[in-house]
Student: 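Right, I'll just put the structure down here and ask away after.
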Amino acid sequence: MAGPMGTDIPRWANVVVLPIVNLIAAFLVSGLVVLIIGENPLEVVQILIWGAFGFEEAIGYTLFYATNFIFTGLAVSIAFHCMLFNIGGEGQAYIGGLGITLVGLHFGFLPPIVLIPLCVIGAALFGAAWAFIPAYLQAKRGSHIVITTIMFNFIASSVMVYLLVNVLIQPGSMQPESREFGEAAIPFVHEALAWLGVEFAESPWNLSFLWALVCCVLVWGYVWHTRWGYEMRTVGTSPTAAAYAGISETKSIIVTMCISGALAGFLGLNEIMGYHHRLLLHFSGGYGFVGIAVALMGRSHPVGVCLAAILFGALYQGGAELSFEIPTITRELVIVIQGLVIIFAGALEFMFKPQVEAVFRWFMPRRSAAAPAE
Amino acid sequence: MAPAIKLVGIDKSFGAVHANKDINLNVSAGSVHGIIGENGAGKSTLMSILYGFYKADAGDIFVNGEKLNIHASQDAIDAGIGMVHQHFMLVDTFSVLENIILGAEGGALLRKGVDKAREELNRLEREYELEVDIDALIGDLPVGLQQRVEILKALYRGAQILVLDEPTGVLTPQEADHLFRILNALKDQGKTIILITHKLREIMAITDAVSVMRQGEMVAHRETAKTSTEELAELMVGRKVLLRVEKGEASPAHAVLEVENLTATDKSGVVRVKGVSFNVRAGEIVGIAGVSGNGQSDLLAALSGITKVTGGKILINGKPFVGGPPQGAADVRHMGLAHVPEDRQRMGLVIPFEAWECSILGYHNEDECCRGPVIDRPKVIQESLRKMEAFDVRPQDPNLVTGNFSGGNQQKIVLAREIDRDPDILLVGQPTRGVDIGAIEFIHKRLIEMRDAGKAVLLVSVELDEIMSLSDRILVMFDGHIVGEIPASEANERILGLMMAGINPDDDEEAA
Amino acid sequence: MEDFTLFVLVLDATLRVSTPLILAALAGLVSERSGVIDIGLEGKMLGAAFAAAAVAAITGSAWIALAAGIGVSVLLALIHGFACITHAGNHIVSGMAINIFVSGLTIVLGAKWFSQGGSTPQLPHEGRFMPLEWPGAEAVADVPVIGPLYSELLSGHNLIVYVAFLAVPFIYWMLFKTRFGLRLRAVGENPQAVDTAGISVFFLRYRAVIICGILCGIAGTYLSTAMGASFVRDMTAGKGYIALAAMIFGKWKPLPTMLACLLFGFLEAVAIRVQGAELPIVGQIPVQFIEALPYVLTVVLLAGFIGKAIPPKADGVPYIKEH
């Protein structure tokens with residue numbers, strides 16, 4: 001998404017420098033919050049970094065969280081390319097988890113090599129299905145996708161509570177969660193490394209991480225190198241040009257949202273198949289919303305999304321460590337930071353653009369005026 | 001007496017674009033003053049500065065001899081300046097009355113102001129032939145009436161100086177005549193009127209004095225009585241205009257595009273094309289003239305498959321074609337029809353895309369662009385470069401973002417893409433709108449080359465000059481109908497003008 | 001008779017749960033009528049609820065609590081305005097960010113200040129808006145039909161409930177009968193028309209956003225100091241989104257919006273009542289079904305199956321003017 005103002009500075013500056021400046025602003029304000037609580041921001045930063053990267057287990061946790069954010073961040077990003085704002089990642093992830101659970105519970109007798117891909121397909125199908133309805137309504141009936149996806153988050157939540165309390169609950173249990181389906185487990189990274197003879201501390205970090213990276217490559221290829229991605233970007237940038245070119249807007253919206261929903265649905269691979277091995281109430285835990293921050297930070301580009309996801313993973317893990325070290329700070333500080341990042345990197349995306357441009361002009365000789373656009 | 005408006009040394013840039021360069025202007029009180037210039041000459045910018053919409057980088061504004069600091073529209077309104085914008089500044093969901101009092105409500109509560117406004121409006125309407133139902137919703141009114149509301153709005157605020165920006169662009173000639181009568185009545189009441197236009201006819205018809213702008217500069221001031229159309233045209237473009245393009249006789253062959261009793265609707269389902277029949281033969285250029293908004297755009301949309309045909313028949317190379325989303329616009333390309341759309345910024349190109357990406361728009365599914373689902377990027381870029389060379393696009397950089405090309409070069413990118421496919425039929429809408437003179441000549445030459453190569457060309461343009469100099473046959477559209485057809489050799493502005501107003505020139509002759 | 005009493009009790013509960021919805025929905029309505037989409041109603045209410053409860057816990061005054069609630073909510077509204085109006089930012093992103101920011105901040109600050117895991121202490125009576133008995137309510141309570149209607153339904157609510165219902169005609173009057181309202185509606189439809197009429201688009205929108213903040217502030221204060229007696233983490237629990245849904249359901253008009261809020265409030269009141277109860281014919285209705293109903297209804301409405309919901313034309317479109 002190009003800025004409302006002309007591009008006076010090199011493109012890389014727009015893509016790299018501005019997000020970093022925005023991030024710094026968000027961190028500075030977060031530091032202010034820490035000061036208000038009466039703690040030392042520098043100490044907090046130190047603990048955050050150590051807590052996120054300081055030891056093997058920490059790295060494992062950081063990347064475990066990052067995996068969630070890659071999935072949901074990609075989901076929001078790909079929708080952005082079609083100018084769709086998918087706020088429904090949370091609900092799609094939740095329902096995607098249902099897909100995994102149903103496959104896991106009913107086909108548990110299959111060998112993992114068959115079962116796991118089936119679960120992946122289940123997650124994708126259910127996540128996509130939950131995104132399909134808002135997409136269809138947007139494309140065919142013109143209902144605003146932001147509102148419908150918000151509504152679908154709440155509907156998903158109600159549906160899942162109902163199913164967990166009444167249908168999927170283990171008979172005799174008081175906990176609203178499904179029984180374990182260990183067969184469909186994705187191996188932990190420390191297990192996988194152990195097969196290779198490498199020792200690594202135990203953590204929930206699992207091989208879904210690799211699938212997340214594969215998804216990044218797939219999304220990158222899809223958006224910029226296939227004709228479907230070309231059509232999607234055309235619809236997203238100029239619906240009138242799309243109509244002129246004979247590109248179906250309806251199809252692009254629906255396909256894009258289904259891909260987006262499927263990506264969000266993959267959250268369950270990491271959380272359910274990779275870690276809990278059963279369906280839990282609220283397992284999606286707000287990761288769908290973080291996806292928005294990740295997509296904005298990452299400028300809707302898979303590489304950016306990966307970096308932003310690792311940043312947020314580090315914040316989550318470091319935040320947990322932090323509340324352990326400094327009891328007066330709860331781990332919700334991370335949510336505050338996350339909110340601030342969305343404000344600065346998203347809503348106030350271009351606030352510092354004039355300043356950044358001024359700095360650039362200071363260093364660069366002014367180029368002769370290029371052929372002006374009309 | 002001090003001039004009503006005096007501008008001294010007005011200067012304004014938008015980024016790298018120098019829109020107004022050191023402009024001086026005197027408008028005498030009680031006169032109709034025309035400002036003429038091509039699209040993009042800087043007329044609208046200048047008036048927006050006068051109206052406080054933009055702030056000038058330098059220069060002074062004097063109103064009735066007094067220097068004014070105009071920071072916002074309110075300052076201009078206070079100084080008695082009213083403006084009728086090219087795109088009306090009206091709220092569709094409000095009534096006429098609500099629109100008129102907006103910003104001049106006469107008190108914190110609406111009721112009292114509304115009663116007073118009714119009275120005042122009745123008076124204004126009677127005085128100036130400005131009848132309009134003041135309780136109607138704006139969205140329900142035709143554009144001609146909406147424009148009257150804009151004028152009423154300005155008068156209601158006590159405007160003594162009225163600026164009209166391209167007021168006739170959306171009007172039929174009769175509506176335009178009515179407008180001119182209103183303007184004359186206003187002038188008789190002592191109001192000053194500034195008329196911005198690119199149409200010479202209007203300048204000659206109504207103004208007392210005229211100023212000419214070219215590429216951001218004020219190049220001349222003339223008394224209308226002492227100048228001529230030819231002189232003004234020359235001043236506008238900066239050199240002798242070639243009103244006639246060099247071309248030989250056409251040798252049309254068989255019909256490749258046949259349209260029978262075609263009807264088509266716009267997006268909101270309103271019938272815009274009401275049963276038209278015509279054909280275009282290989283080796284000829286058929287021009288469609290008409291005031292914009294009389295169904296030409298919708299005709300193009302139907303022929304190019306963007307909208308669905310709702311009645312009648314289209315035959316392309318003898319094969320029937322229906323079109324409509326989602327596949328229509330893609331199918332029609334395979335049938336040998338190419339389309340250079342009227343609005344290149346919104347349709348023909350995707351402005352934030354790189355030039356090479358735009359060079360396959362509409363053809364991105366073709367085998368030569370792709371290997372399976374993957375776009376063959378190196379090949380497409382190479383092809384794009386070749387087309388850029390062939391059409392002299394500058395700068396010759398396929399990786400440059402399309403929005404960074406000038407209007408003329410953008411149009412060449414579209415033209416290159418569409419002509420390069422060697423189509424049998426080429427639809428062209430407003431090919432030279434917002435395009436510099438050099439590119440206009442280039443584009444016109446290419447279109448004639450197409451014709452001479454035995455292709456059928458259908459040209460839609462609101463510029464009569466363009467229609468007359470390029471076409472072999474001219475069709476005139478009015479209110480969704482084709483109201484007349486004449487060979488280009490017999491066409492002149494008067495005949496076409498009457499036909500565009502829905503009047504049969506023969507009847508008119510008899511009446512006269 | 002017993003059914004009637006039960007019915008009155010449900011209606012009584014409806015009024016109580018509808019109150020924050022009405023205030024927040026009106027807040028959203030004023031904002032969106034001016035062209036600023038606000039999905040941050042939730043966050044503003046939550047911030048106000050926390051500020052009010054925190055201040056009430058410290059000062060013991062409900063009125064100072066209300067002022068604090070409104071103050072915080074207006075501040076958040078101004079941040080939203082700064083992003084959306086001044087910097088032409090994406091309205092949805094901004095609203096979302098505020099919701100997330102506030103949901104974290106209330107807990108972080110609450111945990112630090114009150115050490116109760118993000119909640120505030122129970123508030124004393126003076127720190128709350130207590131029910132107001134109408135004259136003679138006690139006396140007529142036993143009169144059949146009229147008695148319960150008067151003493152249960154009309155009397156016995158706290159001040160904010162009445163304020164919410166009075167806000168509906170007031171907002172209507174403001175939007176449709178005053179100069180400010182005319183301009184506000186115009187700026188949501190065609191900001192350029194307003195600009196060329198010599199009126200500042202930014203200032204108008206900022207004022208709309210501030211009104212939105214005030215109303216959300218009252219709604220949030222209600223949650224923690226009138227309906228409840230303390231702040232509990234995430235206590236808005238989606239009410240801001242329900243209010244948003246009600247506003248759409250009411251097609252951006254004050255009276256229909258209030259009716260939508262009452263409908264959604266009624267559903268909530270019923271949901272509490274029927275939890276686990278066996279109903280005639282339909283049997284047991286899952287409470288989640290009733291909870292989800294407002295969202296389902298809104299989706300159905302948006303899909304154009306119940307009339308057409310057309311937002312203000314310039315809703316969510318930043319106004320950018322070159323200088």
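Every chain is numbered from 1, with letters handed out A, B, ... down the list of sequences. When reading the values below, keep in mind they use all heavy atoms of this one structure, side chains included, and skip hydrogens, waters and symmetry mates.
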Student: Is it the side chain or the backbone of L293(C) that comes within 4.5 Å of chain A heavy atoms, both, or neither?
Tutor: neither
Student: Report yes if some heavy atom in the side chain of E332(A) is under 4.5 Å from a heavy atom in the side chain of R233(C); otherwise report no.
Tutor: yes
Student: Does any part of the side chain of M96(C), heavy atoms only, come nearer than 4.5 Å to the side chain of F289(A), both counted from C-beta?
Tutor: yes
Student: Count the heavy atoms belonging to other residues, nucleotides or ligands that lie under 6.0 Å from OH of Y319(C), then report whether that count exceeds 12.
Tutor: yes
Student: Checking L109(C) against chain A: side chain, backbone, both or neither under 4.5 Å from a heavy atom?
Tutor: side chain
Student: With a 4.5 Å limit on heavy-atom distance, are the side chains of M351(A) and F82(C) in contact?
Tutor: yes
Student: Which value, rounded to the nearest 0.5 Å, describes the distance between M151(A) atom CE and T298(C) atom OG1?
Tutor: 5.0 Å
Student: Is chain C contacted by the side chain of F152(A), its backbone, both, or neither, given a heavy-atom distance below 4.5 Å?
Tutor: side chain
Student: Going from CG on L348(A) to CD1 on I79(C), what distance comes out if it is rounded to the nearest 0.5 angstrom?
Tutor: 9.5 Å
Student: Examine Y162(A) together with F289(C) and report whether their ring centres are nearer than 6.0 Å.
Tutor: no
Student: Do I335(A) and S103(C) come within less than 4.5 Å of each other through their side chains, counting heavy atoms only?
Tutor: yes
Student: Specify which of I87(A), I36(A), V33(A) makes the most heavy-atom pairs with chain C at under 4.5 Å.
Tutor: I87(A)
Student: Considering all heavy atoms of both residues, which atom of T330(A) and which atom of A111(C) are nearest to each other, and what is their separation?
Tutor: CG2-CB, 3.4 Å
Student: Going by the side-chain contact (heavy atoms from CB on, under 4.5 Å) test, name the single residue among L301(C), V299(C), L302(C) that passes it with S143(A).
Tutor: L302(C)
Student: Looking at T328(A), I155(A), I292(A), which has the largest count of heavy-atom pairs under 4.5 Å with chain C?
Tutor: I155(A)
Student: What closest approach, in Å, do V108(C) and L333(A) show between heavy atoms, and which atom pair accounts for it?
Tutor: CG2-N, 3.3 Å
Student: In terms of heavy-atom proximity below 4.5 Å to chain A, should I242(C) be classed as side chain, backbone, both, or neither?
Tutor: neither
Student: At a 4.5 Å cut-off on heavy atoms, which part of I337(A) comes close to chain C: side chain, backbone, both, or neither?
Tutor: neither
Student: Please indicate whether K112(C) has more than 12 foreign heavy atoms, meaning atoms of other residues, nucleotides or ligands, lying under 6.0 Å from its NZ.
Tutor: yes
Student: CD1 of I343(A) to CD1 of I98(C): how many Å apart, nearest 0.5 Å?
Tutor: 5.5 Å
Student: Within the 4.5 Å heavy-atom criterion, are I37(A) and W113(C) side-chain neighbours or not?
Tutor: no
Student: Can you say whether I329(A) sits under 4.5 Å from chain C via the side chain, the backbone, both, or neither, judging by heavy atoms?
Tutor: neither
Student: Against chain C, label L137(A) side chain, backbone, both or neither, depending on which of its atoms sit under 4.5 Å from a heavy atom there.
Tutor: side chain
Student: Given side chains that start at C-beta, do those of I39(C) and I150(A) come closer than 4.5 Å, heavy atoms only?
Tutor: yes
Student: How are the rings of F154(A) and Y295(C) set to each other: parallel, tilted or perpendicular (split at 30° and 60°)?
Tutor: parallel
